[in-house]
Amino acid sequence: MSYHARKALEQIDIFAGLPGDVLNELVQRGTTLTLVAGQRVVEQGAVDAGLQVVLDGSADVSVNGITRHSLEPGSYFGEISMIDGLPRSASIAAGPNGLTTFALSTLAFAPMLERPEVSRVLMKALCARLREVEAAQRQ
């Protein structure tokens, strides 16, 4: 089991508060990917799904060909597509020094959604995001 991946999962909001045994199982279900600078990780509009957490390096996020921002260690992407199965909303490419991620496919994650402790934590995190969006719209 990757200690680095486990620590990264503990730090992200959608998994924060999960018991250690559940985090360990998530790590066992995933894999580590290493990409060279410029290599595409995700293509906008693709129907592949899965969560990736940046462990080392960086990634550039672009929407409709326009670079929007960069992702650094601790950032993650793909959680929404992993849950709803809809196409990717952005393209992501490895940054100038390459990229290492922990990747969890939809297929590997699906059985975890059946576990109440996982679903509860995930729903709370997604509800918090919705509240943030609603609060920003009121301003």
Side-chain angles (χ1 to χ4, degrees):
M1 175 182 56
S2 168
Y3 174 78
H4 197 47
R6 159 97 191 246
K7 293 304 284 180
L9 290 180
E10 287 176 351
Q11 301 301 314
I12 63 175
D13 61 342
I14 62 171
F15 296 136
L18 284 177
D21 63 322
V22 175
L23 289 169
N24 290 342
E25 188 173 345
L26 285 170
V27 171
Q28 290 171 352
R29 290 175 171 273
T31 189
T32 301
L33 302 175
T34 301
L35 300 107
V36 298
Q39 186 175 358
R40 288 282 176 145
V41 183
V42 169
E43 191 70 43
Q44 184 175 354
V47 294
D48 65 325
L51 166 77
Q52 292 192 47
V53 181
V54 177
L55 299 177
D56 291 305
S58 65
D60 296 320
V61 179
S62 62
V63 178
N64 300 324
I66 300 168
T67 300
R68 300 293 181 168
H69 62 278
S70 293
L71 301 173
E72 302 296 328
S75 300
Y76 61 94
F77 56 92
E79 72 283 3
I80 302 299
S81 292
M82 182 176 68
I83 295 167
D84 69 11
L86 294 177
R88 300 288 188 156
S89 59
S91 292
I92 300 176
N97 294 317
L99 175 68
T100 301
T101 67
F102 171 77
L104 186 62
S105 73
T106 301
L107 185 61
F109 185 67
M112 300 299 290
L113 282 173
E114 302 299 322
R115 297 176 69 165
E117 66 273 33
V118 175
S119 293
R120 243 187 323 274
V121 166
L122 195 57
M123 283 190 297
K124 284 182 181 180
L126 295 176
C127 286
R129 283 189 194 174
L130 182 58
R131 288 181 186 274
E132 287 176 17
V133 168
E134 288 175 340
Q137 289 176 344
R138 286 191 293 263
Q139 295 180 2

- prompt: Is there side-chain contact between Leu71 and Tyr76, with at least one heavy-atom pair below 4.5 Å?
  reply: no
task: Identify the heavy atoms of Glu79 and Ile14 that sit nearest to each other, and give their distance.
output: CB-CD1, 3.8 Å
- prompt: Given side chains that start at C-beta, do those of Val61 and Val42 come closer than 4.5 Å, heavy atoms only?
  reply: no
message: Rounded at 0.5 Å granularity, tell me how far CD1 in Ile92 sits from CZ in Arg68.
response: 13.0 Å
- prompt: Are any non-hydrogen side-chain atoms of Val22 and Phe15 less than 4.5 angstrom apart?
  reply: no
query: Do the non-hydrogen side-chain atoms of Leu126 and Ile83 ever get within less than 4.5 Å of each other?
result: yes
statement: Taken to the nearest 0.5 Å, the spacing of Gln52 CD from Ser105 OG works out to 10.5 Å
- prompt: Does the side chain of Leu9 come within less than 4.5 Å of Phe102's, by heavy atoms?
  reply: yes
message: Using modelled atom types and a 3.5 Å cut-off, is there a donor and acceptor pairing between side-chain atoms of Glu117 and backbone atoms of Leu18?
response: no
task: Give the minimum heavy-atom separation between Arg6 and Gly20, together with the two atoms involved.
output: NH2-CA, 3.5 Å
task: Look up atom CE in Met82 and atom CE in Met112, then write down how far apart they are to the nearest 0.5 Å.
output: 10.0 Å
- prompt: Does the side chain of Asp56 come within less than 4.5 Å of His4's, by heavy atoms?
  reply: yes
query: Under 4.0 Å between a Lys/Arg side-chain N and an Asp/Glu carboxylate O for Arg131 and Glu134?
result: no
- line: OG1 of Thr101 to CG of Leu33, rounded to nearest 0.5 Å, is 4.0 Å
message: Contact between Val54 and Glu72 at the side-chain level, heavy atoms closer than 4.5 Å - yes or no?
response: no
- line: Closest non-hydrogen contact found for Ile12 with Val53 is CD1-CG2, 4.0 Å
message: With a 6.0 Å cut-off (strictly less than), is the heavy-atom count around CG of Leu107, excluding the residue itself, greater than 12?
response: no
message: Please report the interatomic distance CD1(Ile80) to CZ(Arg129), rounded to the nearest 0.5 Å.
response: 5.0 Å
query: Would you say Ser91's side chain and Gln44's backbone share a donor-acceptor pair under 3.5 angstrom?
result: yes
message: Restricting to non-hydrogen atoms, name the atom on Pro87 and the atom on Ser81 that form the minimum distance, rounded to 0.1 Å.
response: O-OG, 3.8 Å
message: Using 0.5 Å steps for rounding, measure from the CG atom of Leu104 to the OG1 atom of Thr31.
response: 10.5 Å
- request: May I ask you to check whether over 12 heavy atoms, not counting those of Asn97, lie within 6.0 Å of atom CG?
  value: no
Where Gly57 and Pro73 come nearest, the two heavy atoms and their spacing: O-CD, 3.3 Å
Step-by-step side chain to side chain contact (heavy atoms under 4.5 Å, CB included) determination, Leu26 to Val118: CA-CA 10 Å; Leu26 285 170; Val118 175; 5.9 Å; no
message: Do Phe109 and Met123 sit in one hydrophobic cluster, given that two such residues count as connected whenever their side-chain heavy atoms are within less than 4.5 Å of each other, even indirectly?
response: no
task: List the atom of Leu86, the atom of Asp84, and the distance in Å for their closest heavy-atom pair.
output: N-OD1, 2.9 Å
Single-linkage hydrophobic cluster, 4.5 Å side-chain cutoff, Leu51 and Val41 together: no
